[in-house]
Amino acid sequence: MKKNKKTSDFLHIGTKLLKWYDTHARDLPFRNTKDPYKIWICEIVFQQTRIAQGLNHYNNFIKRFPDVKTLAESQEDEVLLYWKGLGYYSRAINIHKAAQQIINDYNGVFPSEYDEILKLKGVGKYTAAAVSSICFNGKMPAVDGNFYRVLSRVFADDFDVSGSRAFTYFSELAHLIMPENVGDFNQAMMDLGSEICKPRNPICGDCPINDDCLAFSLHKISEFPVKTKKVKATDLELKYYFVHRNGQFLIQQRKDDFIWKKLFEFPLEISGELVTFIRSSKTVNHKLTHKNLSIEIFNVEVDSEEVWKNFIAENDYIITSVESSHEKSFPKPLENYIRNYETAYSIL
DNA sequence: AAATCGGGGGT
DNA sequence: ACCCCAGATTT
């Protein structure tokens, strides 16, 4: 099957895509630049993230960290703050380390070769291909979920996109249709996948390459792409203690080896002395892609200055306030809890 | 090769 | 409920 494909000429498909892209490209803030720093940041921000969801984060991030040097010299916690609510927080940690890599290993100049870009923390084959093609005329297809979907439909190919061999396989298919202008081709594939060749209810009537799409002509669009493995969520229960007094409350920073890497959280336990001050509890259900969270948060209002000071002295929690909590990154459910408390507290 | 890592939007 | 999104890293 693959052999037959290579005997034919599919380059005209890529050419059509470029022509379509000329008039249908999405107007996005990172489309007006070839600054590798900005392209890199946008590629990281939008990994597994829809444009609409990450757009504000991208703009705010670029405004605060306009170049590699600024980012490299910043504190990790502030980088995490600008990533608040975006998810996959190792991206923020890696993006910060990669900036320092560029300063230390590349004299502050963003590497232009695919193999060098690939060495940056948090940069994989997709991102290296995207940055090198868009900024440096590199010739690698930026194979992502859009490529899987578009190519599997165009060729009516049932190769499993959930396997680890999918990237190599669809890279080869991409080469069959890839024109000289790889940077625009990669972006055209993203826009086509987002606007036309959508996961569900694709708008095949508006598709510039529907004449070349085998799945379309066979009326089998819904059969592609083929994805066999599906991840199912597991349950996770957490207990937190919101220990507060006079608008101040206690937090600690998480490790980087589980969910919510290096984000801040409430204490996971309290002393027997503090149990008396539990006023209420609230259970929050929070759905993540891979976990169903049940979070029980105990409202611990410490009415004794002495007990408050004792507990602080015996633990290394961070004392924060509603105001200063704005400067730290919390997991979404805890962020919501704090904002509710903020609303109630400001009324008093 | 499989598991893990967030949050949000669409159907 | 389920799917998937400009994927990368760890095991």
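Just so you know, these numbers come straight off a predicted model, no measurement behind them. Atom set for the values below is all heavy atoms of this structure, side chains included, hydrogens, waters and symmetry mates excluded. Proteins get letters first, then strands, A, B, ... in listed order; numbering begins at 1 in each.
- Of the candidates B/dG6, C/dA6, C/dA8, C/dA6 carries the atom nearest the A/Asp191 side chain, counting heavy atoms from C-beta on.
- Among the protein residues, A/Tyr58 comes within range of no part of the nucleic acid, since none of its heavy atoms lies under 4.0 Å from any strand.
- B/dG9 and C/dA8 are spaced 23 Å apart, taking the C1' atom of each and rounding to whole Å.
- With B/dG10, C/dA8, B/dG8 as the candidates, the nucleotide lying closest to the side chain of A/Arg200 is B/dG10.
- Summarising the base pairing, B/dG6 is matched to no nucleotide, lacking a Watson-Crick or G-U wobble pair whose two defining distances lie under 3.5 Å.
- For A/Phe46, whose side chain is taken as the heavy atoms from C-beta onward, the closest listed nucleotide among B/dG10, B/dG8, C/dA6 is C/dA6.
- Residue-level contact check: A/Val123 touches the backbone only, with heavy atoms under 4.0 Å from sugar-phosphate atoms and none from bases.
- Residue A/Trp260 places at least one side-chain N or O under 4.0 Å from the OP1 or OP2 atom of B/dG7.
- In this pair, A/Phe61 and A/Trp83 present their aromatic rings perpendicular. The plane angle is above 60°, beyond the 30 to 60° band.
- Both A/Lys125 and A/Gln53 sit near DNA chain C, but only A/Gln53 has its closest nucleotide nearer the 5' end.
- A/Ser90 comes within 4.0 angstrom of nothing in the nucleic acid, heavy atoms only.
- Using a 4.0 Å heavy-atom distance criterion, A/Lys227 is classed as a sugar-phosphate-only contact.
- Residues A/Ser164 and A/Lys261 both approach DNA chain B. Their nearest nucleotides, taken by heavy-atom distance, put A/Ser164 toward the 5′ side.
- Linking Ile, Leu, Val, Met, Phe, Trp and Tyr whenever their side-chain heavy atoms come within less than 4.5 Å puts A/Ile312 and A/Val307 in one cluster.
- Note on A/Tyr88: every side-chain N or O is 4.0 Å or more away from OP1 and OP2 of B/dT4.
- At the heavy-atom level, A/Leu86 lies under 4.0 Å from base atoms of the strands shown.
- Considering only heavy atoms from C-beta on, A/Pro208 comes within 4.5 Å of A/Leu192 through its side chain.
- Across all strands shown, A/Gly85 has heavy atoms under 4.0 Å from sugar-phosphate atoms exclusively, and none from any base.
- Under the 4.5 Å side-chain heavy-atom criterion for Ile, Leu, Val, Met, Phe, Trp and Tyr, A/Ile39 and A/Ile44 are members of the same hydrophobic cluster.
- If A/His286 and A/Arg165 are placed on DNA chain B by their nearest nucleotide, the residue sitting closer to the 5' end is A/Arg165.
- A 4.5 Å side-chain heavy-atom check between A/Leu55 and A/Pro29 finds at least one atom pair inside the cut-off.
- Taking the side chain of A/Asn146 as heavy atoms from C-beta on, and the options C/dA6, C/dC5, B/dG7, the nearest nucleotide is C/dA6.
- Donor-acceptor pairing under 3.5 Å is lacking for the side chains of A/Asn315 and A/Gln252.
- Closest to the A/Ile259 side chain, of the nucleotides C/dA6, C/dC5, B/dC5, is B/dC5.
- A stacking contact between A/His290 and B/dT4 is absent: the pair does not combine a ring-centre distance of less than 5.5 Å to the base's six-membered ring with planes differing by less than 30°.
- Comparing the P positions of C/dT9 and B/dG8 gives a spacing of 24 Å, expressed to the nearest Å.
- Set against C/dA6, B/dG7, C/dC4, the side chain of A/Arg50 has C/dC4 as its closest nucleotide.
- Checked against C/dG7, C/dA6, B/dT11, the side chain of A/Asn201 finds its nearest nucleotide in B/dT11.
- Taking the P atoms as reference points, C/dA6 lies 25 Å from B/dA3, given to the whole Å.
- Checked against C/dA6, B/dG6, B/dG8, the side chain of A/Lys332 finds its nearest nucleotide in B/dG8.
- Nucleic acid contact class of A/Lys121 (heavy atoms, under 4.0 Å, all strands): sugar-phosphate only.
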